[in-house]
Amino acid sequence: MQEASPFSSLEHTISFARDLWFTKSPIRAWLDAFSAHSHIGTVISRAPTELISDLCQFGAKYRKKFGFEFLTTTNARHSHKILEEIKARCENNLLVELDIAAREKFYFIEEGLTKIWERISQEELQEKSEDLGEIVPDSLEEELVPSNSSDEEVWIDDKATMRNYDLNKTPDENQIE
């Protein structure tokens, strides 16, 4: 992304990042990004005592089955919902779960890019107002960025395992027959 910058807008930045993440990044890059995420640990630390055991059990089951940490955009304070979600997603096959986890992780990437863009925009506005020697009212308003990602999920039989993939290829390059 650094080589492609500067970007003309937040929408351009996110569109470029989406294309890079979903079509040009090898699965190994996804797995590295997933492993840096510790959402389930945060959930466990905030969960009511009666849910901790189940969250630990299903977190371990998920990690054993898929080889990476459970990712969700559900707020960590909603441990009951997260427990339901992890139980349901443990039933997925690897291809489906890689797709879901990649979408969940991209949500966090998009959120980070938005925060960076807002900070840069505010700094540029501050610099311009200082250069002009005038006071400029805060004119930055939050805008919702439409997602261009597809909600489609591709279902393939449950026989797929991590060893069927070349982790240095993108998901499209790893077609299973």
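The structure presented is a predicted model; accordingly, all values stated were derived computationally and were not measured. Note: hydrogens, waters and symmetry copies are ignored here, and every other heavy atom, side chains too, is used.
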**Prompt:** Run the side chain to side chain contact (heavy atoms under 4.5 Å, CB included) check on Glu104 and Ile100 step by step: do they pass?
**Reply:** CA-CA 6 Å; Glu104 296 285 311; Ile100 293 170; 4.2 Å; yes

If you round to the nearest 0.5 Å, how far is [atom2] of [Y] from [atom1] of [X]?
X	Y	atom1	atom2	answer
Glu84	Thr74	CD	OG1	10.0 Å
Ile40	Phe58	CD1	CZ	11.0 Å
Lys24	Arg18	NZ	CZ	13.0 Å
Leu55	Ser79	CG	OG	6.0 Å
Arg46	Ile82	CZ	CD1	9.5 Å
Thr73	Glu111	OG1	CD	9.5 Å

**Request:** Quick one: do Lys81 and Asn75 satisfy side chain to side chain contact (heavy atoms under 4.5 Å, CB included)? Show the steps, please.
**Result:** CA-CA 9 Å; Lys81 289 181 182 178; Asn75 189 304; over 6 Å; no

Where [X] and [Y] come nearest, the two heavy atoms and their spacing:
X	Y	result
Phe34	Leu71	CD2-CD1, 3.2 Å
Trp30	Leu98	CZ3-O, 3.8 Å
Ala4	Phe16	CB-CZ, 3.4 Å
Leu51	Leu83	CD2-CD2, 3.8 Å

**Message:** So that I can tick it off, tell me whether Arg89 and Glu85 are bridged by a salt bridge, with the cut-off set at under 4.0 angstrom between side-chain N and carboxylate O.
**Reply:** yes

**Message:** For the aromatic rings, using the six-membered ring if either is Trp, is the centroid distance between Tyr62 and Phe68 under 6.0 Å?
**Reply:** yes

Determine whether a donor-acceptor pair (N or O, by modelled atom type, separation under 3.5 Å) exists between the side chain of [X] and the backbone of [Y].
X	Y	result
Trp21	Ala102	yes
Ser25	Leu20	yes
Ser15	Glu11	no
Lys105	Leu31	no
Glu118	Lys115	no

**Request:** Please answer: with hydrophobic residues joined when any side-chain heavy atoms are less than 4.5 Å apart, are Leu10 and Met1 in the same cluster?
**Result:** yes

**Request:** Using a cut-off of 6.0 Å, state whether more than 12 heavy atoms not belonging to Tyr107 lie near its atom OH.
**Result:** no

**Minimum side-chain heavy-atom gap Ile86-Thr72 below 4.5 Å** = no

**Prompt:** His80 versus Pro48: any side-chain heavy-atom pair under 4.5 Å?
**Reply:** yes

**Prompt:** Does any donor atom in the side chain of Glu69 or Ser35 lie under 3.5 Å from an acceptor atom in the other side chain?
**Reply:** no

**Plane angle bin for His12 and Phe7 - parallel if under 30°, tilted between 30 and 60°, otherwise perpendicular** = perpendicular

**Request:** Return the set of residues passing side-chain contact (heavy atoms from CB on, under 4.5 Å) with Asp32 (not counting sequence neighbours), or none when no residue passes.
**Result:** Arg28

**Prompt:** side chain to side chain contact (heavy atoms under 4.5 Å, CB included) between Lys65 and Leu94: does it pass, once the steps are laid out?
**Reply:** CA-CA 8 Å; Lys65 180 174 182 177; Leu94 181 61; over 6 Å; no

